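One structure is given below, encoded as structure tokens.
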2 protein chains.
Amino acid sequence: MNTSDKAASGRRATISDVARQAGVSPGTVSNAMTGARRVDEHTRARIDAAIAQLNYVPNLSARSVRTGRVNSIAVLSSMPSAVSAGTSRLGFMMEIAASAAIAAIEHNMALVLVPPLPDPEATLRNIPFDGALLIEPARDDPFLDLLRRRSTPVVAIGTPPDSTMAHVDLNYGATTELLIRHLHDSGARCFPLIIGASDRASYAVTEQAYRAHATQQGMRPQVIRVPEHRGEGGARDAICQALHENPGIDGVLVPVDALATGVMQGLRDLGRSVPGDVRVVTRYDGLRARSEVPALTAVDLHLDVVAGQAISLLLRVVAGTAGADEVVHAPPPALVTRPSSGG
Amino acid sequence: MNTSDKAASGRRATISDVARQAGVSPGTVSNAMTGARRVDEHTRARIDAAIAQLNYVPNLSARSVRTGRVNSIAVLSSMPSAVSAGTSRLGFMMEIAASAAIAAIEHNMALVLVPPLPDPEATLRNIPFDGALLIEPARDDPFLDLLRRRSTPVVAIGTPPDSTMAHVDLNYGATTELLIRHLHDSGARCFPLIIGASDRASYAVTEQAYRAHATQQGMRPQVIRVPEHRGEGGARDAICQALHENPGIDGVLVPVDALATGVMQGLRDLGRSVPGDVRVVTRYDGLRARSEVPALTAVDLHLDVVAGQAISLLLRVVAGTAGADEVVHAPPPALVTRPSSGG
DNA sequence: ACTCGCTATTAAATCGATTTAATGGAGTGA
DNA sequence: TCACTCCATTAAATCGATTTAATAGCGAGT
């Protein structure tokens, strides 16, 4: 059944065990497995037999020490968990992660999940990865700085605050215009924009598109910024106050889904009907948007495609065949009409 | 700013660079970092200073070669993707993964996502992990066999088909009884059970509880098994045929959410109203159940808690402080009443 | 003064792979 | 026959950490 004492002693077979069994040197086994150099056909056959016989599985850590690559990609999001997680912990990040995991594995890369945490530095110190997917980073994103210092390849999903970074463009402008036009078409003439208070490109672009629409339509623009860490509660308070000051509000543009459910709570508290009195639209078409009553009109961002684009861009950055500031564009967003806007 | 030529040459600092800078040996630096042995207070201070100065981050692969541990846990699901993923790729697995990632990181473990794939063997060969979370394994689960051969520690979520394996008990029996009682209370007197065709403990236990109810209430039991790979379509066909043969059906117990949405499609096709003509209940309260119209009555399985239980059990199995057949019990399931059952 | 024990430290071995530089043999051409 | 190239293979160096076994220094006990 076997060759040496060591190999029989129950521990995992090593490349040397295989080499001994096949009557070759470890280097040759390595070449046969990785394909780094040619190996004679007959020799290769003996090696393959030995591998099968010893049930050999290469030690990936040992390989990584030499190659300097660990074959894994991290998905990072520093969005406060009040927003990114919520009760069911699903959402934007997990939807991307699910598709990214599949795309990654097709390139023999593992996908590791790095949830938002109080101490990002200590967290990253213990997780090995060759590159990272960073989800909609804010300007003061704690992960971003760490990754820069480590000079780890990064691809952002969504335009990053400083544009000197490879990313997948999520078409923030087109998405906002889609939502605004729909709000307008569904009869809304006076609607505030509710966004988070941190400095994200998505907020900036959204605000810009919103203000453009307002001036064009002669609507008085009202941009409400809610601290992200307050989550739903902050949005609820915000809409209540806004309606108190201006009862004529007949719609709300609230791109972040967690803030949207907060708005819905506020409207229920005030006894306003949706979509009768107020039409509500949000951006991300996730669990929250769909299980709200009534369900929220949202946008299909094609996140499965986006995840695939991000992974292949990242792999190219890691390999050095793409610049560290290359940009790819997500497919055009598509409106998903639901009852919250009268659809 | 630095010490040796090598350290200045732009490459990542190693433990030797730190040692040189602090005027000690690499072994002492290692001891200071890992806490394996005592290190004098003053020495430690010099080492900490050197670490900060050189921006040293330990090479995790090198560490792993020695320790034999890689500090990561895989989440595996071999449920065919027609069921586990679906359009939006969310679901049971991702909900567990999200909470498990947080629980894992709190123990300095990374969580890697391993989606269902055509070639499980090749997949696992390239992913390093110390232990695995296996989601509701079937009897012929391809991952299970691989993990056994590698003698990798595993914890199943949900009772596995052969019970010789550590797992978190998801209370299949109690869950089914909850759903059946609710169906009965909502007026259903003749309802089939629709489950997948593969050999899972959840199906077996569910079927048993269902048959017990049937004999007790004098209802003719009808258990319909749908091939899992056919997903929604299979369930739609199944309910259509069942209603054709027996128009008196006034409810459906369909625990798998992907099959439940198939049933809803079938009922729409036949023009049956839900919950008016037929009451429908499912088990997993995910995206599908919530975004169905009308939304489906389901069960809160407390998956966030379950994920935490699974991770800590797995860590104990890895450490050897828990038997490879230990069982922990999930919190009792709670009914989530929705319109599909008239709630 | 001498031994014993204890602590902090170090030099060297080790983990399991990849990669480099060296080697031997076969084939070619003059 | 000799010199030369080409090829598959190997021995040894290497990656960066941890761990073992050895050592120096010091204080206490007799």
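Quantities reported herein were computed from a predicted structural model and do not represent experimental measurements. In what follows, chains are A, B, ... by sequence order, proteins preceding strands, each numbered from 1.
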Review point. Salt bridge or not for B/D17 and B/R11, using N-O below 4.0 Å?
Key: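 So B/D17 pairs with B/R11 through a salt bridge.
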Review point. Can a salt bridge be assigned to the pair A/R148 and A/D145 using a cut-off of 4.0 Å between side-chain N and carboxylate O?
Key: no
To the nearest Å, give me how far apart [atom1] ([X]) and [atom2] ([N]) are.
X     : N      : atom1 : atom2 : value
A/D40 : D/dT10 : CG    : C1'   : 15 Å
A/R12 : C/dG16 : CZ    : C1'   : 10 Å
B/M33 : D/dT18 : CE    : P     : 7 Å
A/I51 : C/dA17 : CD1   : P     : 10 Å
B/L60 : D/dC15 : CG    : P     : 18 Å
A/I47 : D/dT10 : CD1   : C1'   : 12 Å
A/N59 : D/dG16 : CG    : C1'   : 14 Å
B/R37 : C/dC6  : CZ    : C1'   : 13 Å

Nucleotide nearest [X] (side chain, heavy atoms from C-beta), chosen from [options]:
X     : options                : result
A/T14 : C/dG16, D/dT9, D/dG16  : C/dG16
A/A62 : D/dG16, C/dA17, D/dT10 : C/dA17
B/T67 : D/dT18, D/dT10, C/dA17 : D/dT18
B/S30 : C/dA17, D/dT18, C/dT9  : D/dT18

Exercise for review: Between A/V39 and B/Y56, name the one whose nearest nucleotide on DNA chain D is closer to the 5' end.
Suggested key: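 This one resolves to A/V39.
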Check every strand shown and say whether [X] touches a base, only sugar-phosphate, or nothing at a heavy-atom separation below 4.0 Å.
X     : result
B/T43 : sugar-phosphate
B/T34 : sugar-phosphate
B/S61 : nothing
A/T28 : base

Review point. Taking N and O atoms by type only, does the side chain of B/R63 place a donor or acceptor under 3.5 Å from a partner on the base of D/dT18?
Key: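 No, no donor-acceptor pair under 3.5 Å.
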Check your understanding: Does any donor-acceptor pair link the side chain of B/R38 with the base of C/dT7 at a separation under 3.5 Å?
Key -> no
Review point. How long is the span from the CG atom in B/L60 to the CG atom in B/N71, to the nearest 0.5 Å?
Key: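 If we round to the nearest 0.5 Å, B/L60:CG and B/N71:CG are 7.5 Å apart.
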Check your understanding: Got a second to check how far B/L76's CG is from B/L134's CG, nearest 0.5 Å?
Key -> 5.5 Å
Study note, to complete from the structure: Taking for B/R66 and for B/S25 the nucleotide of DNA chain C with the nearest heavy atom, the one nearer the 5' end belongs to B/S25
Exercise for review: Nearest-nucleotide wise, let me know which of B/V24 and A/N31 is further upstream toward the 5' end of DNA chain C.
Suggested key: B/V24
Exercise for review: For the residue pair A/T67 and A/R69, confirm or rule out a side-chain donor-acceptor distance under 3.5 Å.
Suggested key: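 Side chains of A/T67 and A/R69: no pair found under 3.5 Å.
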Check your understanding: Do A/L146 and A/P120 have side chains that get closer than 4.5 Å, going by heavy atoms?
Key ->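 The answer is yes, as the side chains (C-beta and beyond) meet within the 4.5 Å cut-off.
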Practice item. Would you indicate whether the side-chain heavy atoms of B/D199 and B/D140 approach each other to under 4.5 Å? Key: no
Review point. Does B/D162 use its side chain to pair, donor to acceptor, with the backbone of B/T164 at less than 3.5 Å?
Key: no
Check your understanding: According to the Watson-Crick and G-U wobble definition with distances under 3.5 Å, which dot-bracket string, read 5' to 3', encodes DNA chain D, using [ ] for crossing pairs and | for pairs with another strand?
Key -> ||||||||||||||||||||||||||||||
